[in-house]
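Note sheet for the following structure.
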Amino acid sequence: MKDFADAIRAGATAQELEAIPLPRHYRAAYIRREDERIFEGLNSAEKDPRKTLKVGEVPTPELAPDEVFVATMASAINFNTVWSSIFEPVSTFAFLDRLGRSGSLWDRRHVQPYHVVGSDGSGVVIRVGSAVRNWKVGDKVTIHCNYVDDQDPSAHDDSMMASNQRIWGFETNFGGLADLSVVKANQLMKKPAHLSWEEAACNALCNSTSYRMLVSKNGAAMKQGDVVLVWGATGGLGGYAIQYVLNGGGIPVGVVSSPKKAELLREMGCKAVIDRSANNYRFWKDDNTQDESEWRRFGKDIRDLVGEDPDIVFEHPGRSTMGASVFVAKRGGTIMTCAATSGYMIEYDNRHLWMKLKSIKSSHFANYKEAYEANRLIAKGMIHPVLSRTYDLTDVGEACNSVRRNEHEGKIGVLCLADEQNLGVDDPELRSQVGEEKINLFKRYAGSIS
Ligand code: NAP
């Protein structure tokens, strides 16, 4: 793939890119089927992504008619790569096997002894399948991870409702942490021209998820003045969520776990900040018993900051926090959940839900339209990347481990074909209008938080 990297850096035309032969193998980050049981008997905290994430050559698959090959310049770490690398809660090879059983030749390609992971990417289209209409070789793109077969009628209202909906690079093979990505044409979006490859690569998964959860009618459809409690407010999802609340005229209450994160959050414009470590909430007395008095203390802290209860709770930590989230939401409020980092067997006191007419609403990634809208806001400089640090693909295990250990801020980028950071900016004028201080906010805090 080096010839492609050199050509892209030199500004090659579509014809020049087409003339470069596709390699038979390419460099990728992958997990191995033979390692599926490597962590058996260990506690979750002892499972180390650095042991299972390998970087090496894998064979180039054949391209389906509705797909493109993207020369991946950069990618990013998402929590789903953490799950893949520690084989929790299930091995992602089970997803690949299920996809393979669905029958088509193209689906069977995904069943391999390796799983190329990664659900974000930016790069350049270098080949298009025969059925691709709206994209061409040479297009600079970002990739969203909603993987649907658009010949299925169930995919044509909200494609997240499609019976065949999958997350690319998690439930499918040939993902973004590689020098080459295999992508359906309906996953492509225009690369924001004012951003570098790694700044452009880090957004799609978390930004689109937060957009659907807060802005879309499929989510909480936040309105002006809504109080929104955001857990993990400087994390991947939370860093975008705070921006959406502020842009939409809401009142964010951000929860973080260190003074430096609190400082970063304030610099984002979030005035109501709760440091959960300093406040030392103990929502659980032991593994099985929650403590309502701690929920009350948390609720009082929110009221002390903004004078009222949250209309919306942006929920993803799961078991640790869900009891508190249900309790503190306003009468009639919405608990918007998309994940369960700390455990998916959730417990909450149902009396607080029904007596106060609250709703728990679920969300998962975003449909193409939502991802496109979220990408458009990035491209206009109205939402900013929350990229803090960038690693080389060879260090993907370290990068993933830092997310696993919650030692990171915002998003962690990964350079694939881009051999250094800050390449790929095509519109420096827009960049200076948007402002380096906004684009680089999370980078300035990198490493100072833990
Ligand atoms: P992240 O970058 O690691 O941020 C999550 C933040 O949540 C952490 O930084 C931490 O912030 C906070 N947190 C973690 N455990 C917590 C706990 N026990 N109690 C309170 N706060 C806790 O991860 P992310 O990218 O935002 O993703 C978060 C979760 O959402 C992951 O499980 C991921 O798999 C999932 N996800 C789902 C979707 C979807 O489409 N369904 C999309 C993206 C992500 P502080 O320590 O500062 O409080």
Side-chain angles (χ1 to χ4, degrees), residues 44-45 76-86 88-89 92 119-120 144-147 160 165-171 202-213 216 218-219 229-242 254-265 270 273-284 294 298 313-325 336-344 346 362-367 370-371 374 386-389 399-412 442 445 449-450:
S44 186
I77 302 294
N78 283 293
F79 218 93
N80 65 6
T81 293
V82 174
W83 300 128
S84 297
S85 68
I86 60 173
E88 279 193 15
T92 47
S119 301
D120 266 323
H144 78 75
C145 64
N146 185 19
Y147 184 95
M160 285 309 296
Q165 191 278 329
R166 290 182 165 83
I167 297 295
W168 169 72
F170 179 60
E171 295 167 286
C202 74
N203 305 302
L205 191 148
C206 283
N207 181 40
S208 313
T209 304
S210 296
Y211 179 93
R212 181 176 171 110
M213 287 175 77
S216 170
N218 293 314
L229 176 72
V230 178
W231 288 106
T234 59
L237 288 174
Y240 297 101
I242 292 291
V255 185
V256 288
S257 63
S258 74
K260 271 284 174 194
K261 284 185 179 180
E263 193 181 317
L264 166 56
L265 195 49
C270 178
V273 175
I274 293 179
D275 180 343
R276 67 182 172 101
S277 296
N279 292 12
N280 198 23
Y281 300 115
R282 291 281 174 263
F283 298 139
W284 290 82
E294 285 293 277
F298 180 51
V313 181
F314 186 87
E315 166 62 49
H316 51 86
R319 185 170 171 82
S320 299
T321 55
M322 191 65 162
S325 293
M336 208 53 241
T337 178
C338 77
T341 312
S342 64
Y344 51 81
I346 299 297
S362 61
S363 192
H364 188 38
F365 187 59
N367 63 37
E370 290 161 340
V386 297
L387 182 71
S388 57
R389 268 174 291 188
C400 192
N401 196 44
S402 76
V403 174
R404 161 97 178 119
R405 303 273 160 231
N406 196 18
E407 291 163 358
H408 67 303
E409 314 77 23
K411 297 293 307 177
I412 296 292
F442 277 65
Y445 279 82
I449 292 170
S450 61

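Heavy atoms only: backbone and side chains are in, while hydrogens, waters and symmetry mates are out. As the structure lists them, so they are numbered: ligands from 1, and atoms in each ligand from 1.
- Nearest protein neighbour of atom 4 (O) of ligand 1, counting heavy atoms only, is Gly235 CA, 3.5 Å.
- Of the protein's heavy atoms, Cys206 SG, 3.6 Å lies nearest to atom 25 (O) of ligand 1.
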Evaluation steps, side-chain contact (heavy atoms from CB on, under 4.5 Å), between Ser320 and Phe283: CA-CA 7 Å; Ser320 299; Phe283 298 139; 5.9 Å; no

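- Both the backbone and the side chain of Thr341 come within contact range of ligand 1, each with a heavy atom under 4.0 Å.
- Using a 30° and 60° split on the angle between ring planes, Phe298 and Tyr281 fall in the perpendicular class, above 60°.
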Arg212 and Asn367: CA distance, side-chain angles, deciding distance, side-chain contact (heavy atoms from CB on, under 4.5 Å) verdict: CA-CA 8 Å; Arg212 181 176 171 110; Asn367 63 37; 4.0 Å; yes

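- Counting only heavy atoms of the protein, atom 42 (C) of ligand 1 lies nearest to Thr209 OG1, 3.4 Å.
- Glu409 CD to Leu264 CG: the interatomic distance, rounded to the nearest 0.5 Å, is 7.5 Å.
- Each of Ser325, Ser363, Ser362 was evaluated against Glu315; a single residue qualifies, Ser325, per the side chain to side chain contact (heavy atoms under 4.5 Å, CB included) test.
- Between the side chains of Ser119 and Asn78, no donor-acceptor pair is found at a separation under 3.5 Å.
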Ser208/Glu370 under side-chain contact (heavy atoms from CB on, under 4.5 Å): CA gap, chis, key distance, verdict: CA-CA 7 Å; Ser208 313; Glu370 290 161 340; 5.9 Å; no

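- By the 3.5 Å distance cut-off applied to N or O atoms, Lys261 is counted among the residues near ligand 1.
- When heavy-atom distances to ligand 1 are checked against a 4.0 Å cut-off, His364 comes that close through both its backbone and its side chain.
- Residue-level proximity to ligand 1 for Asn406 is carried by the side chain, the only part with a heavy atom below 4.0 angstrom.
- The proximity of Leu205 to ligand 1, defined as any non-hydrogen pair under 4.0 Å, is limited to the side chain.
- Proximity of a side-chain donor or acceptor of Ser85 to a complementary backbone N or O of Val82 within less than 3.5 Å is detected.
- Protein heavy atom nearest atom 3 (O) of ligand 1, with residue, atom name and distance: His408 CE1, 3.2 Å.
- Looking at heavy atoms from C-beta onward, Ile167 lies in side-chain contact with Gln165 at the 4.5 angstrom threshold.
- Residue Val256 touches ligand 1 through backbone and side chain together, judged by heavy-atom distances below 4.0 Å.
- Counting only heavy atoms from C-beta outward, the side chains of Met160 and Asn218 never approach each other to under 4.5 Å.
- For ligand 1, the polar-atom distance check finds no N/O of Phe79 at less than 3.5 Å from any of the ligand's N/O atoms.
- Distances below 4.0 Å separate heavy atoms of Thr321 from the following atoms of ligand 1: 19 (N), 20 (C).
- Between Cys338 and ligand 1, an N or O atom pair is found at a separation short of 3.5 Å.
- Evaluated by nearest non-hydrogen atom to atom 15 (N) of ligand 1, the leading choice among Met322, Arg276, His316 is Arg276.
- Using a 4.5 Å heavy-atom cutoff, the side chains of Arg404 and Ser44 are in contact.
- The shortest N or O to N or O distance between Trp83 and ligand 1 is below 3.5 Å.
- For atom 17 (C) of ligand 1, the nearest non-hydrogen atom of the protein is Pro317 CB, 3.8 Å.
- In this structure, the side chains of Cys145 and Phe170 stay at 4.5 Å or more apart for every pair of heavy atoms.
- In this structure, Val313 and Trp231 have side chains that are in contact, with non-hydrogen atoms separated by less than 4.5 Å.
- Taking atom 6 (C) of ligand 1 as the reference point, the nearest protein heavy-atom neighbour is Gly232 CA, 3.6 Å.
- The nearest non-hydrogen atom to atom 46 (O) of ligand 1, considering only Ser257, Gly343, Ser258, comes from Ser257.
- In terms of N/O distances under 3.5 Å, ligand 1 is not approached by Ser342.
- For atom 40 (O) of ligand 1, the closest non-hydrogen atom of the protein is Phe365 N, 2.6 Å.
- Regarding atom 30 (O) of ligand 1, its nearest protein heavy-atom neighbour is Ala339 CB, 3.1 Å.
- Under the 4.5 Å side-chain criterion, counting only non-hydrogen atoms from C-beta, Ile412 is in contact with Ser388.
- With a 4.0 Å heavy-atom cut-off, ligand 1 is reached by no atom of Ala233.
- Between Leu237 and ligand 1, at least one N/O pair is under 3.5 Å apart.
- Inclusion of Ser320 in the set of residues having an N or O under 3.5 Å from an N or O of ligand 1 is warranted.
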